[in-house]
Amino acid sequence: MVVFLVGPTGIGKTEVSVKLAKKIGGEIISCDSMQIYKDMNIITSAPRRALLKSVKHHLLGVVSPQKEWNVSAYRRLALKSVKEIFSRGRTPLFTGGTGLYLSSLVDGIFEERETLPGLRASLEALDGGILARRLAKVDPEASKKIHLHDKKRIVRALEVYESTGHPISALQKRRNGLADTHTVRIFCLSMDRNDLYARIDARVEKMFSLGLLKEAKSLLGRRLSRTARYAIGLRELKSYFKGEISLDSAKELIKRNSRRYAKRQLTWFRKDKRIIWVEAGRRDAPERIAGRIYSLLKDGD
RNA sequence: GCCGAGAUAGCUCAGUGGUAGAGCGCGGCCCUGAAAAGGCCGGCGUGGGGGGUCCGAUUCCCUCUCUCGGCA
């Protein structure tokens, strides 16, 4: 069995996951596109040392923020971790909030051959309308599905087509995930929206008191990958360091962007009907929430 | 106390004698190699209280309350 514990940012997954892992004899694999990076502990609210010690964690802080990274690379590492954990007779417990990472594991992702180097960059340089028309010609199905303005996905679809000679819409139908071969249980923590937003705001304040400014400054001095540089907090603080906005408004922006992110995560999780929702009251101790999940797991067997 | 300006969406504000918009905020949604990214959709409103004119008032008039300036 493979267990997933997901939920919006700031809801308290980390604590619950440790308690749950102990109950089920599990090891935690991070399912988070930002906590995978090194040197981004404060900005990603990565679990603190004490927690890491009590249960074995995988894929936290294992990639340089300067290295280009993506779902597929993540998936490869994650599946490797799953194998290792099984070989020890233990249970993998994925914890995190990155929806795409979750689906790449549960349902899989299509395997593509190498894309042509530099192709994406040269596509990106072109006008969106031209790209959209080009895609409509070579891959009408994908073109229909992708919004005209969603240049990122249009570029991706063209990149795949021009690299492989096959439309992405056809390739994407070929996917295999853990759900095809294993029993998969996905739990998502939920909370009253206002309570969640209050927690998010408080957590941003805490990040600042833990030294976010220093961490961000040092990160911004490096040549970050195009994934890592989009961590919430970095862009906002970059504007602050450049003197474009005040520290207060940077802080407010970080809070707002985190709230919006949480909202998008919830949208993503809501559409997956396999997810078992677990209400996390604002006064519920992590231990109690973990206990509830544990009993749901036993009932399901 | 007097003079002036104002009171419209969560906030800042626009506008019109035929029940109202904009930006931000907020809500909903999409998502298959950048995903904490990227994209789409939605006004969410007893127009400060009361009275009057009018077929009809958020818009005009009176009054009350409050806010902000200025003078005392």
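Reckoned from all heavy atoms, side chains included, excluding hydrogens, waters and symmetry mates.
Contact check, A:R264 against B:rA37: a side-chain N or O comes under 4.0 Å of OP1 or OP2. Residue A:R156 has no polar side-chain atom (N or O) positioned under 4.0 Å from OP1 or OP2 of B:rU32. The side chain of A:R193 contributes an N or O atom lying less than 4.0 Å from OP1 or OP2 of B:rG27. Here A:H149 reaches the OP1 or OP2 of B:rC40: one of its side-chain N or O atoms lies under 4.0 Å away. In this model, the phosphate group of B:rC26 is approached by a side-chain N or O of A:R259 to a distance below 4.0 Å at OP1 or OP2. A sub-4.0 Å separation between OP1 or OP2 of B:rU32 and a side-chain N or O of A:R175 is absent. Dashed line: the shortest gap from a side-chain N or O of A:T267 to OP1 or OP2 of B:rC29 is under 4.0 Å. Distances shown here put a side-chain N or O of A:Y197 below 4.0 Å from the OP1 or OP2 atom of B:rG27. A sub-4.0 Å separation between OP1 or OP2 of B:rA34 and a side-chain N or O of A:R120 is present. Residue A:K145 places none of its side-chain N or O atoms closer than 4.0 Å to OP1 or OP2 of B:rC30.
Taking atom C1' in both B:rG42 and B:rC3, the straight-line distance is 46 Å, to the nearest Å.
Among the nucleotides B:rG33, B:rC40, B:rA37, the one closest to the side chain of A:H147 is B:rC40. Side-chain proximity of A:E124 to B:rG39, B:rG33, B:rA34: nearest is B:rA34. Considering only the side chain of A:R270, B:rC29 comes nearest among B:rG28, B:rC29, B:rG33. You'll find that the side chain of A:Y230 is closest to B:rA34, out of B:rG33, B:rG39, B:rA34.
In this model, no side-chain donor or acceptor of A:K151 finds a partner on the base of B:rG38 within 3.5 Å. Counting atom types as modelled, A:R260 pairs no side-chain N or O with a base atom of B:rC26 as donor and acceptor under 3.5 Å.
The heavy-atom pair separating A:K255 from A:I200 by the smallest distance is O-CG2, 4.3 Å.
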